[in-house]
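The structure presented is a predicted model; accordingly, all values stated were derived computationally and were not measured. Counting starts at 1 for both ligands and their atoms, in listed order.
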Amino acid sequence: MKRDIIAGNWKMNKTQEETKALIKEIVPLVKDANCEVVLCVPYTNLEVARKAMRGTKMQLGAQNVHWAPKGAFTGEVSAEMLKELKVKYVIIGHSERRQYFGETDMSVNARTKAALEAGLKAIVCVGETLEQREAGETNRVLAEQIEKGLAGLTKKDLKNIVIAYEPVWAIGTGKTATAEDANETIGVMRKGIIRQMFGKYAANSLRIQYGGSMNAKNAKELMAMPEIDGGLIGGASLKAEDFAVIVNYDK
Ligand code: PGA
């Protein structure tokens with residue numbers, strides 16, 4: 001049985017003090033969650049977040065990882081460094097990284113491999129732009145991102161991967177894909193390219209999240225969809241009560 005996974009993507013928000021305060025608020029509100037709960041915080045907050053989450057079932061996540069084990073890569077952080085901080089999950093290929101920092105399917109692939117080799121779990125993000133959607137290219141774009149982003153990985157690797165389907169036009173915009181649309185698109189990915197690459201069993205076992213303006217109001221409806229196994233939450237993960245409502249979608 002796969003377990004739904006709700007991950008907060010804090011992006012570049014919160015100081016250490018604010019991190020402690022927010023997690024302190026979140027902890028009691030999510031303690032009875034049935035899903036897996038992950039907080040992906042900025043690198044500088046990993047240590048305080050780990051301490052603030054101690055004794056809870058929440059998991060610690062980062063928002064990126066470099067592909068090399070070490071070396072002359074100014075400003076980057078390796079998988080081993082994240083492991084040392086007890087990080088369990090790492091977001092890879094978020095559309096903001098693709099859009100502003102030149103992330104490509106190739107670099108997503110290299111980062112994902114490095115994360116898995118180090119024993120981290122990867123949340124690999126894919127999603128189409130508004131232009132691509134309007135041109136009817138959504139399914140082709142997603143298949144290409146997955147084919148290249150997960151190239152060379154095995155069925156076994158897939159157990160440590162979560163895919164986040166985040167339509168770029170829905171991120172931070174207040175526009176959500178309708179639950180039906182998101183469900184259908186995820187279904188096409190799962191039954192198409194993912195099954196083709198990894199087989200039916202692995203494809204069915206893979207957890208695929210929806211992300212993009214998922215919030216306290218729409219989470220229940222999105223999570224009720226059979227193909228949607230979780231959420232990657234940006235803005236709403238910065239408010240304890242909203243995040244808790246999302247995490248407790250099944251209550
Ligand atoms: P949002 O962000 O929930 O603020 O739209 C989601 C994400 O970018 O992961």
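- Distances between N or O atoms of Gly235 and those of ligand 1 include at least one value under 3.5 Å.
- Ligand-side atoms of ligand 1 in range of Leu232: 6 (C), 9 (O), range being under 4.0 angstrom from any heavy atom.
- Contact between Ala177 and Tyr210 at its shortest, heavy atoms only, is N-OH, 3.1 Å.
- Listed by number with element, the atoms of ligand 1 under 4.0 angstrom from any heavy atom of His94 are 7 (C), 8 (O), 9 (O).
- Each of Ile208, Leu232, Leu158 was evaluated against Ile163; a single residue qualifies, Ile208, per the side-chain contact (heavy atoms from CB on, under 4.5 Å) test.
- Residue contact annotation: Ser213 has a non-hydrogen atom under 4.0 Å from ligand 1.
- When the options Cys125, Gly172, Gly234 are ranked by their closest heavy atom to atom 5 (O) of ligand 1, first place goes to Gly172.
- Under 4.0 angstrom from ligand 1, the non-hydrogen atoms of Ile171 come from both its backbone and its side chain.
- Between Lys20 and Glu17 a salt bridge is recorded (basic side-chain N to carboxylate O distance below 4.0 Å).
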Determine, stepwise, if the pair Thr112 / Asn109 fulfils side chain to side chain donor-acceptor pair (under 3.5 Å).
CA-CA 5 Å; Thr112 303; Asn109 186 242; 6.0 Å; no
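- At a threshold of 4.5 Å between non-hydrogen side-chain atoms, the residues Leu153 and Lys113 count as touching.
- Two residues are said to be in side-chain contact when any heavy atoms from C-beta on lie closer than 4.5 Å; Glu36 and Lys57 fail this criterion.
- Looking from atom 9 (O) of ligand 1 to the surrounding protein, the closest heavy atom is Glu166 OE2, 2.7 Å.
- Within the 4.0 Å heavy-atom criterion, the part of Ala170 lying near ligand 1 is the backbone and not the side chain.
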